[in-house]
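This report refers to the structure that appears directly beneath it.
Computed from a prediction, not measured in an experiment: that's the story for all the values here. As a basis for the values below, the full set of heavy atoms in this structure was taken, side chains included, without hydrogen atoms, waters or symmetry mates. Every number for a ligand or one of its atoms is a count from 1 in the order of the listing.
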Amino acid sequence: MDLFERLKDLREKGLSEIDKAQTEEKLNDVRVKLIGRKSELTEILHSMKDVEPEQRREIGQSVNKVRDLFNQKLDDAKNELVEKLIAEQMAKEKIDVTLPGRSNHLGSKHPIYIILDDLEEFFIGMGYKVVQGPEIETDHYCFEMMNLPKDHPARDMQETFYIDPEDLLRTQTSGDQARVLEKHDFSKGPLKMVGPGKVYRRDDDDATHSHQFMQMEGLVADKNITMGDLKGTLELMAKHVFGQNRQTRLRPSYFPFTEPSVEMDVSCFNCDGKGCAICKYTGWIEVLGAGMIHPNVLENAGVDSSVYSGFAFGVGLDRFAILKYGIDDIRDFYTNDVRFLEQFSREEK
Ligand code: DAH
């Protein structure tokens with residue numbers, strides 16, 4: 001077969017191979033085979049030395065033509081392939097703009113924080129500041145400053161989670177009182193503060209008790225603060241939380257850091273004081289502890305108790321939430337079941 005016929009033959013075969021190659025990989029193989037260094041085309045070029053000089057030019061031109069044709073066809077085939085791939089991909093990824101969008105799942109405020117935020121606003125509105133003490137509290141602030149020296153029997157009811165002999169998970173937010181009393185400059189006006197936060201103490205873990213819960217401490221100190229101020233403040237708060245028709249009453253009680261001490265009851269919002277299961281047929285529900293700041297607490301913080309007086313109160317926020325929302329197990333607050341929590345979400349429409 002002379003070189004022209006070989007070339008013609010090669011051209012036909014080559015074009016049909018390019019036609020058949022359906023992937024980029026195969027196209028590359030065909031490219032190497034047809035125009036690579038070891039291709040038949042190169043071989044034909046090499047064998048030109050045996051050809052009559054007049055024919056060389058002609059053969060050379062024909063080889064170039066075939067190579068150009070192959071190059072052209074290989075490029076076309078490759079472009080076609082890429083376009084086909086893009087078209088397939090586009091068809092696969094077609095977006096149906098009429099489908100409804102995916103909505104974000106918004107969490108909801110925890111019921112205890114609903115109460116807490118509401119109470120903070122309430123007290124801020126009456127000129128109180130909000131303070132936040134440390135959850136790991138020192139024995140000094142949690143007990144000693146609050147008139148509970150090391151041998152005080154009332155410590156037994158609370159002290160539990162010690163980190164070392166001097167530091168523990170706070171059993172009450174009352175230590176916040178001492179922290180602010182120590183720093184307050186009475187020449188600038190009265191001290192009015194609330195201090196919310198988590199507290200930890202040994203307790204029965206049952207439907208109404210938990211070893212972790214939320215308290216909010218309150219304190220007002222100045223000259224001439226009386227029990228009347230305490231009663232008026234607590235009554236306003238109780239009505240704000242439980243409804244304007246509620247009655248309140250103070251009963252004598254005992255706390256080491258107040259003297260005299262009281263507990264406050266609210267008339268049962270379920271039966272309006274007639275007696276039901278919620279108020280254990282007494283018509284009243286106990287909601288908080290309070291009292292006039294014990295002179296020792298003032299003196300411990302460097303405040304002259306012959307000049308200044310004040311009142312303090314401690315609210316169990318879990319208890320408030322349980323009563324307000326009719327929740328029957330305190331553990332629901334801490335087990336993070338979204339079915340429970342979602343009941344408190346605001347509906348987004
Ligand atoms: N710290 C008390 C407790 O955990 C609650 C309390 C009662 C706080 C009376 C007060 C108060 O500030 O005056 O049981």
Side-chain angles (χ1 to χ4, degrees), residues 112 116 119 123 128-135 137-148 152-161 168-182 184 191-204 208-221 225-227 229-235 237-238 248 250-266 286-298 300-301 303 305 308-320 322 330:
I112 291 180
L116 171 55
L119 277 178
F123 280 107
Y128 287 57
K129 64 178 175 179
V130 180
V131 303
Q132 202 130 24
E135 268 177 52
E137 184 57 288
T138 55
D139 183 281
H140 178 70
Y141 281 108
C142 197
F143 296 129
E144 305 254 339
M145 291 288 278
M146 300 313 296
N147 201 28
L148 281 137
H152 199 292
R155 278 187 177 217
D156 291 349
M157 293 189 296
Q158 295 197 0
E159 54 180 356
T160 315
F161 301 111
L168 75 165
L169 293 183
R170 64 176 170 193
T171 64
Q172 51 185 3
T173 45
S174 301
D176 294 348
Q177 290 186 26
R179 288 178 181 278
V180 287
L181 269 173
E182 256 180 347
H184 189 69
L191 169 58
K192 297 164 92 176
M193 71 100 185
V194 285
K198 291 194 196 97
V199 296
Y200 308 82
R201 63 171 81 155
R202 75 181 180 82
D203 227 329
D204 299 329
T208 51
H209 298 88
S210 161
H211 61 275
Q212 178 209 305
F213 57 100
M214 286 279 260
Q215 271 191 345
M216 191 172 78
E217 200 71 28
L219 176 133
V220 170
I225 301 287
T226 69
M227 203 127 180
D229 299 313
L230 169 65
K231 188 160 190 280
T233 305
L234 294 182
E235 197 167 316
M237 173 175 70
T248 58
L250 299 181
R251 275 181 294 105
S253 183
Y254 168 78
F255 298 104
F257 29 82
T258 44
E259 184 59 39
S261 301
V262 293
E263 271 170 310
M264 186 172 81
D265 298 337
V266 172
E286 179 206 321
V287 293
L288 57 83
M292 300 308 290
I293 306 173
H294 196 292
N296 287 356
V297 172
L298 291 170
N300 286 347
V303 178
S305 63
Y308 296 101
S309 58
F311 66 77
F313 55 90
V315 172
L317 294 172
D318 300 61
R319 190 159 169 71
F320 268 31
I322 283 175
I330 193 172

Non-neighbouring partners of Arg319 that pass salt bridge (charged side-chain N to carboxylate O under 4.0 Å, His left out), sequence neighbours left out: none
For Tyr200, which of Glu137, Glu135, Gln172, Gln212 qualifies under side-chain hydrogen bond (donor to acceptor under 3.5 Å, both in side chains)? Glu135
Select all protein residues for which some heavy-atom-to-ligand 1 distance is less than 4.0 Å, and list them by chain and number. Gln158, Gln172, Ser174, Gln177, Arg201, Gln215, Glu217, Phe255, Phe257, Thr258, Gly289, Ala290, Gly291, Ala312, Phe313, Gly314
Tell me yes or no: between the side chains of Glu217 and Gln177, is some donor less than 3.5 Å from an acceptor? yes
Residues which pass side chain to side chain donor-acceptor pair (under 3.5 Å) with Glu286, listed by chain and number, not counting sequence neighbours: none
Which heavy atom in Pro196 sits nearest to a heavy atom in Val130, and how many Å separate them? CD-CG1, 3.8 Å
Holding to salt bridge (charged side-chain N to carboxylate O under 4.0 Å, His left out), I want the full list of residues that pass it with Lys192, two or more places apart in sequence or in another chain. none
